[in-house]
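Written below as structure tokens is the structure these notes are about.
In the text below, chain A, chain B and the rest are named by the order of the sequence lines, each starting its count at 1. Side-chain atoms are counted along with the backbone in the values below, which use heavy atoms only and exclude waters and symmetry mates.
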Amino acid sequence: MAATSFKEVFDKLNQGVVGYVVILLHVVAGSYLVYSQPRSNLAFLVFISSLLSLYFFRADNRFKILVGMLLALVIIPVIGVRNIFYLEVIFQISVFAALSLGLNIVVGFTGLLNLGYVAFYAVGAYLWAFFGSQQFYVLNYAPGTQPPDLPFLLPGDAFYLFLLVAVIIAAITGILLGLPVMRLKGDYLAIVTLGFGEVIRVLANNLDKPINLTNGPQGITPIQRPTMPEWVVDLFNSLFSGVIGHDVKLADMYNVMFYFFALLVIIAIIFVTKRLDDSKIGRAWTAVREDEIAAVAQGIPIVRMKLLAFAVGASFAGLMGVLLAASRTFISPESFNFMQSIGVLSMVILGGIGSIPGVILGAAVLTILNLQVLQGFSLYLNDLRQSDAVIPVINFAWKDLSTQLDPAKYQKLLFGLILIIMMIFRPEGLIPAKRRKRDVSVDETK
Amino acid sequence: MALLEMANITKTFGGLKAISDVTFSLEKGRIVSIIGPNGAGKTTFFNTLTGIYRPDTGTIKFNGKSLVGLRTDQIAACGIARTFQNIRLFADMTVIENIMVGMHVHLKQSPLQTLLRLPGFNREEKEAEVKALRLMQYVGLNNVENELAKNLPYGAQRRLEIARALAADPQLLLLDEPAAGMNPQETEDIIKLFRDIRDNMGITILLIEHDMRVVMNISEDICVMDYGEKIAQGSPAEIRNNTKVIEAYLGRGAVAGQHEEKLQ
């Protein structure tokens, strides 16, 4: 009841110019706060939440696109270069949003619980890691014994080609891993996919022998990035060095570039997801989720539809894998452990299973929680431990507090708590999936 | 040539013969019922016909084409649509989407058209929406196109299931206990609907039903099953007086009693 009345009040408020005013105020206030206090986590939260205002408040679509473009193309790069950590957070949000959107197709639309989703991410990452590094010439050396000054197999600009190759290879992997599990449902499917996810990680860990494909637990480095044209740096500097306060270095510029790549990939993924969802394919996916027997009786080839869902979901992860490998220049099997799969699944569940804006919000909330809020608390606690402050009333000195009490270590506990709370109070997620309302009338055609 | 010809169909589950040596044929444009006591093998018969089970022996021909060994979705695409004994709608999809899923095999949109929203895609979607709305109104549902299927009352859900089946433009419509749980008025309405589907859409109807008012009212031909065997087939009047049928439903004593009545 409380939720509906809140919605009514919000709808009443959210009319006319109110939307424009709130959006503008929020964006300006957020930008000003982060600009004036580039180290404050709180300022960053205010800033990043302006995207929520942009989504929820009513305004003309052209106005929203304009503000969104201003944020994405100008404000975020400028603020990100002033504090590169923010850019990293936003990049991570984009990566996880893309993974969540991919998993959402499998779990949300088609109803196949996949606990090994990170495997496809690993496939994409290792694909570019192998072809975009010297690994090809290290095949016959044990890890760590290769001679220095090996050439690179491919130029860095092959990265662009591999974005496409990764989509195809990851999709094929999705189909290959999907084929043997098509007869399984629910829990059984979850367990087998969990196993597959681990298999891929263990393979990455152990394929340093007999031939050294993955360099084992040490991971592959350096992985090439696409070349940055000189004029891009110059253009960026001539436009923004005034507001930033200093000239941008090449390393920082790479972060900006990968942020833009991630943004483009996200937009492409949303585009593809939306269009597939609102078509015969999307309806078939949802029908399979709702009732397989009824779906197959409507002539829907369920195995093919499930494999398609696996393939599309996997391709998004593969694409992001290539981006990750290039942006980090280093990958190791540890980046693709089971917790990553669980994390992405938590984002989907928290945001709203089957809901595109929902899973993006879920990815943003958990990433920020993980990278900023918990870390922030840990730092704050550390500061208190260093000081002579005592907790009032109980007279407990902060410096006696156990160092085990470190919020950053309680990430899993918090994820678990969030999922339990969501299941009790809002099982459909933060932004629940809605079916599209269609405006049809019969006399339209005749 | 009959629309559907099934010959010597047998289906066993372990030691249980769910259907044994059933031969059955169905002429185009008829309304035929399959009746029989609980466990007689009626639903197994449907499931074998639609490919959910594969018969152990026997042949199934639809329009002269063999259906044995085809997948359920391929059989559906041949023009056989069905409804289920316990309603199976896509609960979290809207009414109109449920019907549009029924059109799946007829929609030609390619993935490329879907992604690029080419004019062909938009036209086809629009036409599908209009057709779905027409079907929805045809089965007697009004102004619920954007309602979730699970929010509809029971009778409306039954109707929606029929609309979804009709959306595939089937030649043969299989109805598994379509009148179950309906009150007399609803039953009467749905009988009218079935007649109309046959008369105006030219769709052959094969139904399983327990409600004898429905069966005797609507059927032109009745097939009776008991313990997996077909024990009789004929017009309602013939079936009503068939001793084997009475035996199956009421036991041997009933038949004996009838004989005594006749003797007196």
Side-chain angles (χ1 to χ4, degrees), chain A residues 108-111 171 182 268-306 308 311-312 315 352-355 427-428 432-446, chain B residues 47 50-52 71-84 87-94 96-98 100-109 111 113-117 121 124-134 136-137 145-146 148-150 161 164-165 167-168 174:
Chain A
F109 292 168
T110 322
M182 275 306 118
I269 286 177
I270 293 174
F271 185 83
V272 170
T273 310
K274 270 205 147 125
R275 295 199 155 182
L276 284 181
D277 185 28
D278 190 13
S279 78
K280 157 186 170 173
I281 295 170
R283 287 193 294 272
W285 279 339
T286 312
V288 169
R289 179 190 73 195
E290 294 290 305
D291 192 325
E292 271 188 31
I293 292 177
V296 77
Q298 312 308 317
I300 294 171
I302 44 175
V303 170
R304 203 179 307 165
M305 280 300 154
K306 286 178 176 179
L308 184 66
V312 174
S315 66
I353 290 182
S355 152
E428 70 276 32
K434 272 194 231 107
R435 301 308 301 180
R436 180 160 80 90
K437 298 255 182 284
R438 287 165 198 268
D439 188 22
V440 207
S441 59
V442 166
D443 45 26
E444 202 167 347
T445 50
K446 281 181 187 167
Chain B
N47 287 343
T50 54
I52 293 177
R71 294 194 314 265
T72 307
D73 58 285
Q74 292 171 322
I75 291 174
C78 289
I80 300 180
R82 73 173 290 185
T83 66
F84 294 88
I87 305 173
R88 284 178 174 272
L89 287 170
F90 307 122
D92 270 320
M93 297 175 89
T94 62
I96 198 163
E97 282 174 328
N98 265 276
M100 286 170 85
V101 171
M103 299 173 196
H104 185 87
V105 292
H106 294 298
L107 297 180
K108 293 185 182 65
Q109 44 192 261
Q113 275 182 320
T114 306
L115 288 181
L116 300 180
R117 290 287 136 108
F121 174 87
E124 194 182 58
E125 282 283 287
K126 202 77 223 168
E127 281 169 11
E129 280 178 358
V130 171
K131 186 184 165 197
L133 194 70
R134 284 222 176 88
M136 188 187 91
Q137 291 167 351
E145 60 266 29
N146 286 320
L148 292 186
K150 64 178 175 190
E161 219 188 6
R164 184 181 67 186
L174 307 177

Heavy-atom proximity to chain B below 4.5 Å, by part of [X]:
X       : result
R289(A) : side chain
I293(A) : both
A433(A) : neither

Answer with side chain, backbone, both or neither: which region of [X] has an atom nearer than 4.5 Å to a non-hydrogen atom of chain A?
X       : result
L148(B) : side chain
E145(B) : side chain
A168(B) : neither
Q137(B) : side chain
I96(B)  : side chain
T72(B)  : both

Residue selection (most heavy-atom pairs with chain A, distance under 4.5 Å) from R71(B), E97(B), M103(B):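 Of the candidates given, the most pairs with chain A belong to E97(B).
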Gap separating the [atom1] atom of [X] from the [atom2] atom of [Y], nearest 0.5 angstrom:
X       : Y       : atom1 : atom2 : answer
T286(A) : D291(A) : OG1   : CG    : 13.0 Å
F109(A) : R283(A) : CZ    : CZ    : 13.5 Å
M100(B) : F90(B)  : CE    : CZ    : 13.5 Å

With respect to chain B, which residue among R438(A), K437(A), R436(A), K274(A) yields the maximal number of heavy-atom pairs within a distance under 4.5 Å?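 Most heavy-atom pairs under 4.5 Å with chain B: R438(A).
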For each of A284(A), G282(A), A295(A), tally heavy-atom pairs with chain B at distances under 4.5 Å, and name the one with the top tally.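 Highest number of pairs under 4.5 Å: A295(A).
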For [X] and [Y], indicate whether the former's side chain and the latter's backbone hold a donor-acceptor pair under 3.5 Å.
X       : Y       : result
D73(B)  : V296(A) : no
E125(B) : S279(A) : no
K280(A) : K108(B) : no

Working note: N47(B) + R82(B), criterion side chain to side chain contact (heavy atoms under 4.5 Å, CB included); need CA distance, chi angles, decisive distance, verdict. CA-CA 10 Å; N47(B) 287 343; R82(B) 73 173 290 185; 2.9 Å; yes
Side chains of W285(A) and L308(A), heavy atoms from C-beta outward: is any pair under 4.5 Å?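 When only atoms from C-beta onward are counted, L308(A) and W285(A) do touch, with a gap below 4.5 Å.
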